[in-house]
Amino acid sequence: MSKVLMKGNEVIGEAAIKAGCRYFFGYPITPQSELPEYLSRRLPEIGGVYLQAESEVAAINMVYGAAATGVRVMTSSSSPGISLKQEGISYIAGSELPCIIVNIMRGGPGLGGIQPSQSDYFQATRGGGHGDYYLIVLAPASVQEIADLVKKGFDLAEKYRNPVMILGDGMLGQMMEPVDFGVETSGDSFDKSWATTGKNGRKKSNIVNSLYLKPEELEVHNRELEKKYLEIKSKETMAESYLTKDAEIVVAAYGMTARIAKSAVDMAREEGIRAGVFRPITLWPYPEKELNAATVSAKGVLTVEMSLGQMVEDVKLSLNGRLPVEFYGRVGGMVPTARAIFEEIKRMSEKFGGVK
Amino acid sequence: MSKVLMKGNEVIGEAAIKAGCRYFFGYPITPQSELPEYLSRRLPEIGGVYLQAESEVAAINMVYGAAATGVRVMTSSSSPGISLKQEGISYIAGSELPCIIVNIMRGGPGLGGIQPSQSDYFQATRGGGHGDYYLIVLAPASVQEIADLVKKGFDLAEKYRNPVMILGDGMLGQMMEPVDFGVETSGDSFDKSWATTGKNGRKKSNIVNSLYLKPEELEVHNRELEKKYLEIKSKETMAESYLTKDAEIVVAAYGMTARIAKSAVDMAREEGIRAGVFRPITLWPYPEKELNAATVSAKGVLTVEMSLGQMVEDVKLSLNGRLPVEFYGRVGGMVPTARAIFEEIKRMSEKFGGVK
Amino acid sequence: MAVVFDRPKSLTDAKFHYCPGCHHGIIHRLVAEVLDELGLQDRTVGIAPVGCAVFAYDYFDVDCIEAAHGRAPAVATGVKRTRPDTIVFSYQGDGDLASIGMAEIVHAAARSENITVIFVNNAIYGMTGGQMAPTTLIGQKTTTSPLGRKSELTGYPIKVCELLATLPGATYLARTSVHDPKNVRQTKEAIKKAFQLQVEGKGFSLVEVLSACPTNWHMKPVQALDFIKNDMMNYFPLGQFKSPEEAK
Amino acid sequence: MAVVFDRPKSLTDAKFHYCPGCHHGIIHRLVAEVLDELGLQDRTVGIAPVGCAVFAYDYFDVDCIEAAHGRAPAVATGVKRTRPDTIVFSYQGDGDLASIGMAEIVHAAARSENITVIFVNNAIYGMTGGQMAPTTLIGQKTTTSPLGRKSELTGYPIKVCELLATLPGATYLARTSVHDPKNVRQTKEAIKKAFQLQVEGKGFSLVEVLSACPTNWHMKPVQALDFIKNDMMNYFPLGQFKSPEEAK
Amino acid sequence: MSKVRVTFNEELCKGCELCKNACPKGIIEMAGYINAMGYHPAKLVNPQECVGCGFCALMCPDLVIKIEKEEIK
Amino acid sequence: MSKVRVTFNEELCKGCELCKNACPKGIIEMAGYINAMGYHPAKLVNPQECVGCGFCALMCPDLVIKIEKEEIK
Amino acid sequence: MLKQIMIAGFGGQGIMSMGQLMVYSGMIEGKEVAWIPSYGPEMRGGTANCSVSISDDPISSPHVTEPDILIAMNNPSLDKFEMSVKNGGVIFINSSLIDRKIKRKDVKVYYISANDKATELGDVRVANMVMLGALLKIDKLVKIDSIMESLKKVLSKSKHHLLPLNAQALEIGAREIGNN
Amino acid sequence: MLKQIMIAGFGGQGIMSMGQLMVYSGMIEGKEVAWIPSYGPEMRGGTANCSVSISDDPISSPHVTEPDILIAMNNPSLDKFEMSVKNGGVIFINSSLIDRKIKRKDVKVYYISANDKATELGDVRVANMVMLGALLKIDKLVKIDSIMESLKKVLSKSKHHLLPLNAQALEIGAREIGNN
Ligand SMILES: Cc1ncc(C[n+]2csc(CCOP(=O)(O)OP(=O)(O)O)c2C)c(N)n1
Ligand SMILES: Cc1ncc(C[n+]2csc(CCOP(=O)(O)OP(=O)(O)O)c2C)c(N)n1
Ligand code: SF4
Ligand code: SF4
Ligand code: SF4
Ligand code: SF4
């Protein structure tokens, strides 16, 4: 297939369609509105349903209902809207339903701003909702990767019956790059015998539920979830390493920030500093093994985020004290520049590195 | 003052009153309903306002409005309801308003169960809402400590203009113990010149807001919040250490679980195992220094929670690889028994400890 | 001998967990009878609420989804929009529907979602132990209005049928009661009409059933019947507030 | 020469950020004039919405609170309940009030909160770039109803005044427009009455103002006046839907 | 008058007395003993007086009551 | 007819023409030049014809217009 | 010394208030006390139990999983908690409603026909006080006087005429020990 | 080789489409491309800019902070971005709207009276194409043919009569370079 030039937000929509998703429930919010707007045009053309919900709370509960019937369904929002969805997300995770939730992050807290940010990392990876659950969190860094991860996301969601979050920022959502959607797929190969579509002759009714009033039963349910999470952790981590083989300073960053970090590393290499970039693609499960592999020759790790420091905790947890971990962040919609990251790399290289 | 025998949930209410709080906005949910019910009786008696909101979303926004006027105000809920409040909590943090939010946790995810749980630790300490912000999170372990921490909580909230969360579980909320409320206080000593109460002759109008559309301005705001958080981190940690001085195995646990752990440690000591308990009272800021101090003679740390393992990350981050950290948890409303914890201590002592 | 009255097929064998004299049981039975009579059991998806009827999925022998508190209409929307051939009903209490779920019910009606809502109005929060609901009558004592509901503090009870009747999308709205056999029969007719309209694709239907919560009203079940008849029906008049003939 | 018309005292000197011909500016001015005339500036707290009027706190020279999207009535409640002597108004768009904030507005009215709501109905989401609102007219094109709103898919526009009029707690409800000078005057009168009632402690008041969003309607400002007059007023009739005389 | 049989599944009965209250003939009474749930179950005291109106069954929230009628050919 | 003065604060004007549209005497026109915001501001072309109805000011969303009247003793 | 008691039965048997009276009394006597209730999911009916801790020193864990004393007011409660009682502990059995005997040999057991005795006293609702009287005869956890003082505080004035009945029930319970 | 261009001006000056045409053309030519827009907070009016990256190799960061080339369409844009241009870079100035000269000595500067030239062509809206023509004369980032091909794809059929006008504007822009 040939490439087309599209905005990241629209690519999320088209990639979902290419993955067999025909249902979208959402509520407008900057900077992701191109996505619902795109789908409000496209879905009716192909017999799908675009529905603007009365709120993010309603939207996530519509997704819950739709997912319960076994179809591929997606919703999308940005930071404040995602906060409103936390109860619903916890229900979806607790009831083990597959779906994709997109968060195109903006500056916070509160109303904040509408410029790019990565300050919802904790919320995405640690369960902003109540209870012990995890979302599979995918962080694309290019428009092409958006297309790939949306497809992969639906498959992961259905394989594990777990909600998947696509986590990006406004810059990624509004950026245009060429994209190749590859072949169309659907979720038909996954077991949907659990879906609530009417009994239709089935003997036992299907029930989608997360209530277990007896603690013994709820504990069994929680343990089953735990088993699933452990399996995902062991099987589904993804990461990219850029020039890390001999790197003394490894920059850990995800999404757009990781691409800027690559430019910074290019600058560093030009000055003879052995630097590299570690880019987790799955934020949960965090690619712990991959990070450790990417830092075998490292003297220090610099975590760069558009936040006050969130992923840096996963970097520290993964390294468990093995290497010094420092942090550089910009916030509020400000984007770290390659030069500023380069300066940090230089500083760390002088502090921890060998001779140039 | 003499002691009275009261339920934990009711003590939260009475302690708030004793601290000068006259306003409560909430929505019923088990296992915290004794608190709103108590205040619905008590507040009108003393000229206060108890209002049952139409939802948790409305309740937290009423709290936001009330806090903006400079009064002491409180809300309360349990896990699913707290998830619904995440957007509002992020607004309150972003607008730097003081208030107390109570979460009497129950089992999750989703509708879950109504028995005690500690599975909202991440949500409480990592910002279940969007954006970079932190709540001050206080975890009482006895009815008396509830009374003390509610008072202290209001002071901290006003000192730092930051929302404070009281995090407990249903067992603590429903337990009766004697309590001494001490002297009555109020928030009158704190500066309230920022409050939106009508200009009343003031030249400039007061504005309570978290919107900063220009990224440069939002970054300044975020940096100011960061400064505040760092100050709180350096000044306001609280923890209790029980028999840790010579302990080879330190059990890290909070709230009711910590008390059970103490019984387990008592059992261990009887068998000659040098064990102790480290109990963080502030969950954010996490008492990192205190934990390190409490584990100077330790060979290993056992974290015990009513969750699949959440606080254990803070334990690991605090120790940064210095000691092996293991985890024991019960979930779904099941409460770990002292005996089970004792068995874990014994196992770890055999694995890591010196000779008995 | 022919059986003229027995457990409907659309109910499972599970024993209800409801309190003695609670009307949830009657209303469950009526819904199930209607599903039987219209032959819908096999293609129905029920949405259980958060409230005393939280275990509805154990009782209705149809596919069921447990909704978050107040969100049943949104969940029902998600089901109906993806599977238009299913028959979807939500079963909701007054705290669930008229308090936390107000936006969802208004918008489901405004959109004329082709679903049926069984709205059990017992003027109180049953499940959580008897707190005030938006439908609690003035003067009624609850655990959060211990001296009786006062209009100066909390306003007036919400009449859901009357409110929704302002929406062109609401196709059928009726308020009934189950405090005596005659009204039980009428309730069943209303529920049947509501489902029938959904089968015909006519849009949003809701039946509000005045219902007793003897436990939290602190009344004997028989006494509770009188409270419905004398107090509730006085404020919440029975009747049809919207019918497909006049709708749109 | 005496100044007979000028910037009211209750507005700051800040230049509005609104688009050319946007009626938010007119409505801001009217609210400020009323605050001036009733002498309320010094004890007023305004609640700004999430929507084009998000910066209202920069324009009104009164204490202000920025509310989360749709929650202004809850925020206003928090203020009024703790400071009953303040005059509290929320200023909300139709997406804010009638979509995400439906539960909050219904319940504020049901409780008869003694606040005033200025409801700017421009039948669209302005701030986010012209998506469909619950008040968007059938056939109206928006960025999320690109072929025009269809009732089969999204139902019918919500008439907020009519809906709230079913609540005894709603003391004063009026719908006005600002598409010509006469209606501007009438809008001001309605706003004045609403604030006056709040001063007298009479409970919940709301003025719905039909308002133009030329940018997202893709119209010249003058053309937009006609859309209000011919299309909006046809579906949303002007008038008083509740007045204190009949309330309660 | 058609012939009817009204039977009570006592183990389901919660003793709420709604059937008793609804019976136009006043022939439902509560038993002196209690069932496994601890309730005094309802029962028919004068079955022959039953008019088969079904009111008891209509009012019973717990599906205790079953009614059979003789088929009229 | 009372004497009136209508003045336009051109720097606030966004050229929306609502005043022009509202003026019963048709004496408001848009200037040929643009202001700092890039809009053609409104202005009075025949001030002496102004009847002081204030319609322009009532309709102006941006508080561009100020009206003064001679006081009648 | 720390003593932990588990009290279990049907909702409506006065389980909760029995425990509350004990901790109230303990508090009056200057002891450390704690009380934790536990309900089943039912609104009406179902089982209920509460655990009581009374101690001279601060109480580590008030969560009772291995009680020193069990008061079993009905069959299911006994089934549920019999095995949890500490080696060397004591079990009080409401023999009016519990037909079976205890199998364990490592605990001391008392059979008290509490319902019958209470009914004899004219009010089955004081069965809980009969049990309490028996318990306090065996273990002087708190004084009978303290219980009566607590009762006075806990009961509303209008119910004070019930005090003598309760005192009688306590006494009868104590006396029942002799028959074991 | 990677080239990064910053294009900045008023909303309405065709800033965004100028950038999009460039990346579209680059894509047609098989290059790696990226385009990122940036708007001010205003719904109407205000400033707008976009950044364009075109490269033979995969693009690390498409976030342009040190452009090789700046196209400044109005005064505020020049003020904002002048100093960010790389040492040795190129600045194209719309001299119809920008009155001042560049102070920096380390960059190459071209002054193009784009609005005037476009107005001469009969449509001020092609001022952006004039600038683009000038740029492509100096830096053969993409071919003029590709731009025309892209335009054909981007413009709806009903607007295809505007293609010659756009071609003319590109040419005039290229010619203007001679006058610098
Ligand atoms: C988000 C959330 N808030 C609150 C609750 C607690 N809760 C459970 S049921 C209920 C009220 C139910 O009352 P109603 O809807 O009137 O139904 P009833 O129990 O009377 O049948 C509440 C508030 C919850 N589970 N989730
Ligand atoms: C929780 C949340 N959801 C969505 C948004 C995005 N948002 C901002 S303004 C707006 C709509 C405003 O429309 P309306 O209320 O009609 O006011 P208008 O802009 O037309 O004046 C939306 C959806 C948000 N900020 N927060
Ligand atoms: S609490 Fe009320 S509504 Fe719930 S089961 Fe009991 S009687 Fe029914
Ligand atoms: S977008 Fe619409 S509502 Fe917003 S300022 Fe512009 S015209 Fe006004
Ligand atoms: S109505 Fe049913 S549950 Fe109630 S007493 Fe009669 S048979 Fe028993
Ligand atoms: S109405 Fe106001 S802003 Fe519009 S053209 Fe007239 S003076 Fe200018």
Side-chain angles (χ1 to χ4, degrees), chain A residues 7 9-10 13 22-45 47-62 75-88 104 106 108-114 170 173-174, chain D residues 47-58 64-72 74-75 93-106 124-136 140-150 152-155 157-158 160 163 216:
Chain A
K7 283 194 173 187
N9 281 333
E10 298 188 343
R22 293 292 176 272
Y23 304 98
F24 179 91
F25 302 90
Y27 188 78
I29 187 167
T30 309
Q32 60 80 57
S33 294
E34 293 88 357
L35 167 52
E37 287 170 6
Y38 181 83
L39 288 176
S40 75
R41 282 195 307 277
R42 279 286 280 139
L43 282 173
E45 286 171 13
V49 174
Y50 163 87
L51 188 65
Q52 188 171 305
E54 57 270 33
S55 69
E56 290 86 352
V57 172
I60 194 71
N61 284 287
M62 289 174 184
T75 186
S76 164
S77 190
S78 177
S79 310
I82 298 291
S83 290
L84 282 171
K85 293 186 195 219
Q86 291 306 325
E87 189 204 23
I104 301 299
R106 53 190 254 181
L111 193 44
I114 56 173
Q174 265 143 12
Chain D
I47 317 293
V50 169
C52 280
V54 75
F55 294 120
Y57 55 75
D58 278 340
C64 278
I65 304 174
E66 175 61 55
H69 192 31
R71 318 305 174 191
V75 177
D94 46 304
D96 193 71
L97 181 141
S99 192
I100 191 170
M102 179 55 82
E104 286 73 17
I105 197 68
V106 165
I124 208 157
Y125 286 57
M127 178 77 164
T128 39
Q131 293 83 8
M132 200 188 89
T135 47
T136 293
Q140 195 180 335
K141 284 185 189 169
T142 70
T143 55
T144 52
S145 59
L147 304 175
R149 179 174 184 173
K150 291 201 176 68
E152 311 87 78
L153 289 177
T154 57
I158 296 177
V160 169
L163 184 110
N216 290 302

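Numbers restart at 1 for each chain; the letters A, B, ... are given by sequence-line order, proteins then strands.
Neither the backbone nor the side chain of A:A58 comes within less than 4.5 Å of any heavy atom of chain D. There is no contact between D:L147 and chain A, counting heavy-atom distances below 4.5 Å. Heavy-atom distances place the side chain of A:Y50, and not its backbone, under 4.5 Å from chain D. For A:L39, no part sits under 4.5 Å from any heavy atom of chain D, backbone or side chain.
Smallest separation of non-hydrogen atoms from D:I100 and A:S55: CG1-CB, 3.4 Å. Closest heavy-atom contact between A:L51 and D:L153: CD1-O, 3.9 Å. Taking both residues in full, the closest heavy atoms of D:T128 and A:P28 are given as OG1-CB, 4.2 Å, listed atom of the first, atom of the second, then distance. Smallest separation of non-hydrogen atoms from D:V54 and A:L111: CG2-CD2, 3.6 Å. Between A:E54 and D:S99, the shortest heavy-atom contact is O-OG, 2.9 Å. Here the shortest heavy-atom pairing between D:T144 and A:Q52 reads OG1-OE1, 2.8 Å.
Interface check for chain A: of the options D:M132, D:M102, D:Q131, D:E66, the most heavy-atom pairs under 4.5 Å are formed by D:Q131.
For the atom pair D:S145 OG and A:E37 CD, the distance stands at 10.5 Å (nearest 0.5 Å).
The aromatic rings of D:H69 and A:Y27 lie tilted to each other, with the angle between the two planes from 30° to 60°.
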